[in-house]
Amino acid sequence: MKNILLDFEYSFNNNAGGSYLILKINGDNKILNHQAEILCQNPNSAFLPFYVRRENDSTFICYNITSKISLSQYIERKSLNKKELLDLLRNIARNLMLSDNYLLDLSGFILQPEFVFINPAT
């Protein structure tokens, strides 16, 4: 597991069911169960599907990233022109604005290129 100065550790797991980004919530941090339930019960293509797993005293959030790559990988592989960059930023902003529909707190979103996943085909 890696920690990049955030209050969680992360790792990646691949199995027959797909690829997953796994966040291990550290210390006193708690997830808001009602927000997790809202997203799990009302999936939206703007947000990665996930489930919460608890083992002993640890909480893990497992995001399904099958067929997706991180924004940092995408930018490394592809040189974006101005229009593509603006479209990408517009889509990120539009998806964040959907959080109001789900009564989510924007402080719960991680906007680091390593943790923003996109479908490279679209």
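Quick caveat: nothing in here was measured; it's all calculated off a predicted structure.
Legend: side-chain hydrogen bond (donor to acceptor under 3.5 Å, both in side chains) pairs involving residues 12-21, not counting sequence neighbours, sorted by first then second residue: Asn14-Ser19. For the salt bridge (charged side-chain N to carboxylate O under 4.0 Å, His left out) condition, the pairs that include at least one residue of residues 82-92, sequence neighbours left out, are Lys78-Glu84, Lys83-Asp87, Asp87-Arg90.
Of all heavy-atom pairs spanning Ile69 and Pro120, the tightest one is CD1-CB, 4.1 Å. Contact record, Leu98 with Ala46: CD1-CB, 3.5 Å, taken as the closest heavy-atom pair.
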Does the pair Tyr10 and Leu21 meet the rule for a side chain to side chain contact (heavy atoms under 4.5 Å, CB included), with working shown? CA-CA 7 Å; Tyr10 71 97; Leu21 165 67; 4.0 Å; yes

Given the rule in the side chain to side chain contact (heavy atoms under 4.5 Å, CB included) test, do Thr59 and Leu23 qualify, once you have shown the distances and angles that lead to the verdict? CA-CA 8 Å; Thr59 301; Leu23 304 183; over 6 Å; no

Would Phe60 and Lys24 satisfy side chain to side chain contact (heavy atoms under 4.5 Å, CB included), going step by step from the backbone distance to the final call? CA-CA 5 Å; Phe60 299 89; Lys24 179 181 179 189; 3.6 Å; yes

Audit row: Ser70, Phe115, side chain to side chain contact (heavy atoms under 4.5 Å, CB included) steps and yes/no: CA-CA 6 Å; Ser70 70; Phe115 297 111; over 6 Å; no

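The side-chain heavy atoms of Ile61 and Ile22, taken from C-beta on, include no pair separated by under 4.5 Å. Taking the side chain as every heavy atom from C-beta outward, Leu88 and Leu71 approach each other to under 4.5 Å.
For Tyr63, the ring pair (Phe, Tyr, Trp, His ring centres under 6.0 Å) partners are Phe50, not counting sequence neighbours.
Side-chain contact annotation: Ser58 with Asn56, donor-acceptor N/O pair under 3.5 Å absent.
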